[in-house]
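Written out below as C-alpha cells is the structure these notes cover.
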2 protein chains.
Amino acid sequence: MTLETSPPSAPTLEQVAAVAGVSRATVSRVINDSPKVTVEAREAVSRAIAELGYVPNRAARSLASRRTFAIALVIPENTAKFFADPYFASVIQGVAMALSSTKYTLSLLITPETDAEKSRNFLQAGNVDGALVLSHHSDDRAFLALARTMPVVFGGRPMGPEGEHAFYVDVDNRAAARVATEHLIAGGRTRIATIAGPADMAAGVDRLDGWRDALNAAGLASSLVERADFTPAGGFEAMRRLLARGESFDALFAASSQLASGALSAMRDAGLAVPADVSITSIDNDYFATNANPRLTAIEQPTVEVGRTMARLLIDRIEGREISRVTILPTALVQGQSA
Amino acid sequence: MTLETSPPSAPTLEQVAAVAGVSRATVSRVINDSPKVTVEAREAVSRAIAELGYVPNRAARSLASRRTFAIALVIPENTAKFFADPYFASVIQGVAMALSSTKYTLSLLITPETDAEKSRNFLQAGNVDGALVLSHHSDDRAFLALARTMPVVFGGRPMGPEGEHAFYVDVDNRAAARVATEHLIAGGRTRIATIAGPADMAAGVDRLDGWRDALNAAGLASSLVERADFTPAGGFEAMRRLLARGESFDALFAASSQLASGALSAMRDAGLAVPADVSITSIDNDYFATNANPRLTAIEQPTVEVGRTMARLLIDRIEGREISRVTILPTALVQGQSA
DNA sequence: TTGAAAGCGCTAACAT
DNA sequence: ATGTTAGCGCTTTCAA
C-alpha cells in the first residue's frame, strides 16, 4: 500500500502561515474570503500561497467544516443506457453549466443495481453536500430514503408515497401527452393507439393518463395500449403486439421518441406508411425524433434547463435558502413530418 | 450556510465502539478487515454497525490514512464532444467494470478549458488516489504535470517530451493505419488519399505515419493529405478540400470513422460512389463505422479493454505494484462494404 | 483584526 | 488480540 515513488508531499496551511508570517487562522480566513483580514495580511498570504503552490486539503477541510462543496448527480442506470439516452447528456450539460459559476464540484454516479450499495455508501459517507437524482427511465425509490439524510433534488417526480415530500423538477407529463394526442385528433385521426412506458415510473403513468384525457375529452376509444420500457427495442416489440391484435388504428402516440423510433421500424416491416396510414406523435424532441424518417412530431422538453434548475435548487437548499418543493418546466410541440 | 433542517448527524465510530463494548481501534480494525480481531469482537462490532446504520466518514478516514479509495477519470473535452464520441462510452464502461470488483470509486471529470483550474484543484486537493487521463482527441499536455504529483495512467500516448516518462495504455496507431492502408492497396487501389487528425495529437501523427509507411513500401505517392479535427464536420470539409485539389484518387484512408462519415457525405454530394469510385478504410469500428452507408471497413480498437487495463494499472501503481510503463493493446481490421 | 487552542472522525504506531 | 495515544490538515470558537 506504499506509493512506489513517494510524491513531494503537498504544502500545508501551516507552511503557508510560516512563509506569510501570520497565524494559521489568518491563512484560513484568507482562503475562505473572510472580510476580517487586512489588505497586507491578505496579500502576504496570497503571495505565500502562490509561491508554494498551495492547495487546501479537501479531507481536512471537510472534516473540520462539515462541508464538501461537492454534489453528486446520481443516475440509476447502467452505463450502456446512460450513453444511449440523449436526455442524460443535456441534463448533465445543464448541471455543469449551473455549477461552473459556483464553488461546487460535480461527482457523477452512474449506478447500476450491482453497484447500488457502493453508491449509497459513497453518499452517506459525507462525500457530498447534497445529491441530484435523475431518474428519467429508471426506478428511484431506492434513493428516496437518501432524502432524509441530506438535501436531494430529483429530476422527474419520484413515485410512491414518499415522493409526496420530495423536492423535484419535472415537466407536466400528463399535459404534454394530452397535447401530443390532441394534435393527432386535430389532424382528423380517430383510432389512436399508444405505446406507454412502464407502470412503475411517473413518466409512464402520467403520459398514459394524458393520452386518455385527450381521447376521453374527444369521445374516442382508449383501449389500444401496449406498454414497453423506454427503448427502441421496447417500441419495436410493442408495435408488433399492437399490430398482432388485428384492430386497425390510424394514429399512434408514443410515450417517448425512442419508443416511436422502434415502432417505426416495426411499422415499416408491416408495410405501413407514416403519416399516410398512421400518424405519430411522441415525447422528447431528441436525436431519435429528429433523425427518424419521417422526422417525428414531438413534444420538446427543456432538458438543459432541467439540469440547470436542479443544480440551482440543490445549492439553494444546501445553503439554507427556501425553495419550492415542486418546479414544473414548460414543454412545446415541435412539428415534424410524422403528424 | 446552515442547513434548513439539520439532518440527524451520522453515527461515529466512537458510538459503534460504545455499543459493541470495544475500543475505537478495534472498530477501525473490523472496518478495515484487519485479520487480528477475534470472531466475537468482529461480530459484536458488525452488529453495532448494522444497528446504528454506521457508515465511516470519508473525510476523517482519508485525512488519517492519506488514502481516498477514489480515482478520477479525466476527460479533457467539453460535454457535447464527450457524449458525441462513442469511444468514451466504451472506455468508461471498461473502467467501471474493473472498478466494480474493488473498493475504489470513480470520479468523472469532464473538463472543458473553462473549468480546467477547478479540475486541477480538485485533483491536487487530495480528492483521489490517482487519475486516469483519457485524451482520445484532445490535448493533454496540461495534465502531464499532474503525473509528478500522483499516480496517473494515460489513455493514448501523451505528446511532448514529458510524454516519454508517462504511463499509458494505447494501441499501435501507426501499425493500425498501415494495415488499413495496405487493405486498400491489396484491393488494387493506387492513388490513395488520407484525411489525417490534428498534428498535435498522437493519434493524428501516428496514423498519418502509418499511411505513409504503407504507401512508401508499395512505391506509391503520398501527397494527398488533408488534416481535420476528429469530427464528421471536419471530415466533410477535408474531403471538400481534397476534391477541390482536382487530383483524382481511388481510395481514402480516414484517420477515424467520424472523419470518414463526414467525408462520405461530401463524396455523395460530389456524386462519387463508394466503393466503386473510391474505396475507404478508417480507424474505429464504432457507431459511425457500422451505421455508415456503405458500412465502413475499419480497424477495431479494444476500447472496453483499454478502460479496464487503465484502471487495473492505475490501482496497481497506487498500491505500489510494479507495472510496465507502456501497454499496447491489439487491433484488428473488420471488413465492411467500403473497401 | 489577529492568534491560541480545541476539536472534526478516523488510522496507526506503540504498548500491553 | 486489544487498548492507548498521537496526530492527519483544517476551521472555528474564544480571548486578546
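Chain letters run A, B, ... following the sequence lines, proteins first, then strands; residues in each count from 1. All heavy atoms count here, side chains included; hydrogens, waters and symmetry mates do not.
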For nucleotides 2-4 of chain D, give me every protein contact, N/O to N/O, under 3.5 Å, one pair per line with atom names.
| unit_1 | atom_1 | unit_2 | atom_2 | d |
| --- | --- | --- | --- | --- |
| D:dT2 | OP1 | B:T38 | OG1 | 2.6 |
| D:dT2 | OP2 | B:T38 | N | 2.8 |
| D:dT2 | OP2 | B:T38 | OG1 | 3.3 |
| D:dG3 | OP2 | B:S23 | N | 2.8 |
| D:dG3 | OP2 | B:S23 | OG | 2.9 |
| D:dG3 | OP2 | B:T26 | OG1 | 2.8 |
| D:dG3 | N7 | B:R29 | NH1 | 3.4 |
| D:dG3 | N7 | B:R29 | NH2 | 3.4 |
| D:dG3 | O6 | B:R29 | NH2 | 2.6 |

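Under a cutoff of 6.0 Å and an axis angle of 45°, A:R120 and A:F122 do not form a cation-pi pair. For the pair A:R325 and A:Y168, the cation-pi criterion (under 6.0 Å, within 45° of the ring axis) is not fulfilled. A cation-pi contact, defined as under 6.0 Å to the ring centre and within 45° of the axis, links A:R67 to A:F69.
Note on ring orientation: taking the six-membered ring where Trp is involved, the planes of A:F82 and A:F88 are parallel (angle under 30°, cut-offs 30° and 60°).
When the C1' atoms of four end pairs are superposed on the next four at each end of the helix from C:dT1-D:dA16 to C:dT16-D:dA1, using five pairs per end, the two resulting axes differ in direction by 30°, to 10°.
Remark: A:R312 engages A:E305 in a salt bridge (charged side-chain N to carboxylate O under 4.0 Å, His left out) (not counting sequence neighbours). Not counting sequence neighbours, the partners of B:T303 by the side-chain hydrogen bond (donor to acceptor under 3.5 Å, both in side chains) test are B:S90. For A:E51, the side chain to side chain contact (heavy atoms under 4.5 Å, CB included) test picks out A:V19, with sequence neighbours left out.
B:D129 and B:T68 share a donor-acceptor pair across their side chains, judged by distance under 3.5 Å alone. A donor-acceptor contact under 3.5 angstrom links the side chains of B:R61 and B:N32, judged on distance only.
If you measure from atom CG of A:L63 to atom C1' of C:dC8, you get 4 Å, rounded to the nearest angstrom. Between the CZ atom of A:R66 and the P atom of D:dG9 there is a distance of 20 Å, given to the nearest Å. Following rounding to the nearest Å, B:R58 (CZ) and D:dC10 (P) show an atom-to-atom distance of 20 Å.
The stretch residues 48-57 of chain B has no heavy atom under 4.0 Å from DNA chain D, so no residue of it qualifies as close.
Closest approach of A:A166 and A:P158 over heavy atoms only: CB-CG, 3.8 Å.
In this structure, A:S28 reaches the bases: a heavy-atom distance under 4.0 Å links it to at least one base atom across the strands shown.
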